[in-house]
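Contents: one structure, followed by commentary.
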Amino acid sequence: MLKIYNTLTRKTEEFQTLEPNLVKMYICGVTVYNDAHVGHAMSALVFDIIRRYLEYRGYAVKHVMNYTDVDDKIINRAKQLSEDPLKLSQRYIEEYAKELANLNILPATSNPQVSKTMPLIIQFIEGLIQKEHAYAAFNGDVYFSVTSDKDYGKLSARKLDDMQAGARIEVGEAKDHPMDFALWKAAKPGEISWDSPWGKGRPGWHIECSAMNLAELGEQIDIHGGGNDLIFPHHENEIAQTESYTGKEFSRYWVHNGMLQLGGEKMSKSLGNIVSIKEFLSKREADVMRMLVLNGTYRAPLLFNDETLDAAEKNVERLKSALRPASSSASGLSPESVTYLASTAESAQTNFTEAMDNDFNTAGAMAALFELTKAINTSRDNGATDDQLKPAQAAFRGLANILGLKLEEKQGSSEKDAQVNALIAERNEARKQKQWARSDEIRDQLKELGVTIEDSKDGTTWRWG
RNA sequence: GGCGUCGUGGCCAAGCGGUAAGGCAAGGGUCUGCAAAACCCUCAUCAGGGGUUCAAAUCCCCUCGACGCCUCCA
């Protein structure tokens, strides 16, 4: 039985969907105004893994991830570049989608955008005004009234009084209450804007998600997710808006991933300690980033540094070793050993599911994969044939797929392969003559080309990487 | 200052009341001309202090420490 930690209740709860076999999941995407960084990748990976596991567990998943394409930062950036803001954001949307694909992240089932949801956003705000949860101020802004929502603060577990104690709240003079937040912002001269009953303007940050949620998934959803830095104010405000509007419980489970840490600090655009996804992928393969996430707990801070990345890379290499073919001199495994391998494969699958059922305990799931890796490699060393290896390897591949690991051996072009093979042949000849110096020279040369070779009593094998 | 999450071997990290998974690193060994890979073996009593319990890394309290949010943020 699947259990999920729910930020709203601060407890791990049994997962039950609103409708049988269907999961409605909304993930807060990114504001598109510059290159996405590996922190965004972490979040996207976490929810990709969750989505893949839910599908493995037999659910159809409606996975909605929005793009915030109307926002102050986009407007500023566009001004800097003298570019149309919507064109700018569209460019980054396309780029982000590509980055996600490069990370082997499944595309969401839909990607709504603020700029395309305007009528519903306006309708939503009107509804909130009618129900007296919001008010239009003299300056053309519309604010949500936090005091009109009796359980405001329930997600982030804070009280209005406590928050007011903090000195950092800017008191807008148009607001009735300092914590009231903007649903609609009046346009400044020259800014991109939309017509509304309150004059030209654009939506506040939070209302867009409430509206897109409603449009894509309806009044109630199963999972709402995002980084834990969104708990307050973003998700708190979404709950306030949506529940005030519909009168129903908004999302059953609130799922938040921890922050990626770079040098002991959260990686974020405002701190400037950023490694872009592009930069990362130019140095390491996508599986490494995924492995980094899998080795940890999605809710905890994740350390991103050379040490943790090197370890993740080694982990990936180790998993790949399970998929390698039998040795060419394989003489076959004893029936007992075949049985043992089969039973290990079976228990690996059981352990895997048990771990993942426990709030997506990917680190536990990885342990199951590593145990199966060891069993497969031991069998190979003991002379298992490809046919004997195949069932366990298929099971292994199945589990890796659920986690979205590709575990592909690197590929070279056919000309390069030919070049390598020629060098290997030359080296084999040298080895036959016991010309070790020449043989090692060729090995170094191959290493330069990015080729790893392995000698065994059956001959020499090689691979890229 | 308020709220929250957390502190397990050199590093990353499971564990959710019954006596410490897994990976990396390290050391020893098998194999090899050497190397690499693979395989075998070795490697912690859970920040500190109280308490509850037959039994605690696991529950409660205190102390210390880290991180996050309270302002844009995945």
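To find a chain, count down the sequence lines: A is the first, B the second, and so on, and within it residues start at 1. As the structure is a computational prediction, the values presented were derived from the model and not from experiment.
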Nearest to the side chain of [X] - [options]?
X         : options                : answer
Arg318(A) : C67(B), A38(B), A74(B) : A38(B)
Gln261(A) : A36(B), C67(B), C34(B) : C67(B)
Arg324(A) : A37(B), A13(B), C40(B) : A37(B)
Asn257(A) : A74(B), A38(B), A35(B) : A74(B)
Asn358(A) : G15(B), C40(B), A37(B) : G15(B)
Glu454(A) : C12(B), C24(B), A36(B) : A36(B)
Tyr5(A)   : G33(B), A74(B), U5(B)  : U5(B)
Arg427(A) : G68(B), C67(B), G33(B) : G33(B)
Glu371(A) : A36(B), C34(B), A21(B) : A21(B)
Phe232(A) : A74(B), G15(B), C70(B) : C70(B)

Give the residues of residues 91-105 of chain A touching RNA chain B, defined as any heavy atom closer than 4.0 Å, sorted by residue number. none
Could you identify which residues of residues 396-407 of chain A place a heavy atom less than 4.0 Å from some atom of RNA chain B, listed by residue number, or say none? none
From [atom1] of [X] over to [atom2] of [N], roughly how many Å is that when rounded to an integer?
X         : N      : atom1 : atom2 : value
Lys432(A) : G33(B) : NZ    : C1'   : 16 Å
Asp440(A) : C34(B) : CG    : P     : 11 Å
Met42(A)  : A74(B) : CE    : P     : 14 Å
Asp229(A) : A74(B) : CG    : P     : 7 Å
Ile50(A)  : A74(B) : CD1   : C1'   : 13 Å
Glu441(A) : A35(B) : CD    : P     : 19 Å
Leu45(A)  : A74(B) : CG    : P     : 15 Å
Ile453(A) : A37(B) : CD1   : P     : 13 Å

Taking the [atom1] atom of each, how far is [N] from [M], in whole Å?
N      : M      : atom1 : answer
A13(B) : U71(B) : P     : 29 Å
G7(B)  : A44(B) : C1'   : 15 Å
C43(B) : G9(B)  : C1'   : 8 Å
C39(B) : U53(B) : C1'   : 45 Å
A47(B) : A57(B) : P     : 10 Å
C72(B) : G1(B)  : C1'   : 22 Å
C46(B) : A20(B) : P     : 12 Å
C64(B) : G49(B) : P     : 15 Å

Side chain of [X], base of [N]: donor and acceptor closer than 3.5 Å?
X         : N      : value
Asn361(A) : G15(B) : no
Ser156(A) : G4(B)  : no
Asp381(A) : C31(B) : no
Arg443(A) : A35(B) : yes

Is any side-chain heavy atom of Leu446(A) less than 4.5 Å from a side-chain heavy atom of Ile442(A)? yes
Would you classify [X] as touching base, sugar-phosphate or nothing, given that sugar-phosphate means primed atoms plus P, OP1 and OP2, and contacts are heavy atoms under 4.0 Å?
X         : value
Gly29(A)  : sugar-phosphate
Leu369(A) : nothing
Gly226(A) : sugar-phosphate
Ala363(A) : base

Can you tell me the base-pairing partner of C69(B)? Count Watson-Crick or G-U wobble geometry only, both distances below 3.5 Å, and say none if there is no partner. G2(B)
Quick one: sort the Trp462(A) and Trp464(A) rings into parallel, tilted or perpendicular, breaks at 30° and 60°. perpendicular
In terms of ring plane angle, is the pair Phe15(A) and Tyr253(A) parallel, tilted or perpendicular, where the classes change at 30° and 60°? tilted
Report the residue (Glu317(A) or Asp310(A)) whose heavy-atom-nearest nucleotide on RNA chain B is the more 5′ of the two. Asp310(A)
Which residue, Arg158(A) or His234(A), contacts RNA chain B at a nucleotide closer to its 5' end, judged by nearest heavy atom? Arg158(A)
Within the structure, does a side-chain N or O atom of [X] lie under 4.0 Å from either OP1 or OP2 of [N]?
X         : N      : result
Thr378(A) : C40(B) : yes
Lys266(A) : C69(B) : yes
Asn377(A) : C39(B) : yes
Lys159(A) : G2(B)  : no

Give the intermediate values and the outcome of side chain to side chain contact (heavy atoms under 4.5 Å, CB included) for residues Tyr96(A) and His40(A). CA-CA 10 Å; Tyr96(A) 189 57; His40(A) 299 122; 3.8 Å; yes
Given Tyr26(A), which of His235(A), His224(A), His63(A) fulfils the ring-ring contact (aromatic ring centres under 6.0 Å, His included) condition? His224(A)
Crowded around [X] [atom1]? As in, over 12 foreign heavy atoms under 6.0 Å?
X         : atom1 : result
Glu448(A) : CD    : no
Glu346(A) : CD    : no
Phe232(A) : CZ    : yes
Lys154(A) : NZ    : yes

Side chain to side chain contact (heavy atoms under 4.5 Å, CB included) between Lys278(A) and Glu99(A), worked out: CA-CA 7 Å; Lys278(A) 210 176 295 171; Glu99(A) 310 278 23; 3.4 Å; yes
Indicate yes or no: does Asp310(A) engage Arg284(A) in a salt bridge with an N to O separation below 4.0 Å. yes
Sole residue of Ile49(A), Leu2(A), Val46(A) in side-chain contact (heavy atoms from CB on, under 4.5 Å) with Phe360(A): Leu2(A)
Enter the distance from Arg299(A):CZ to Thr7(A):OG1 here, rounded to the nearest 0.5 Å. 7.5 Å
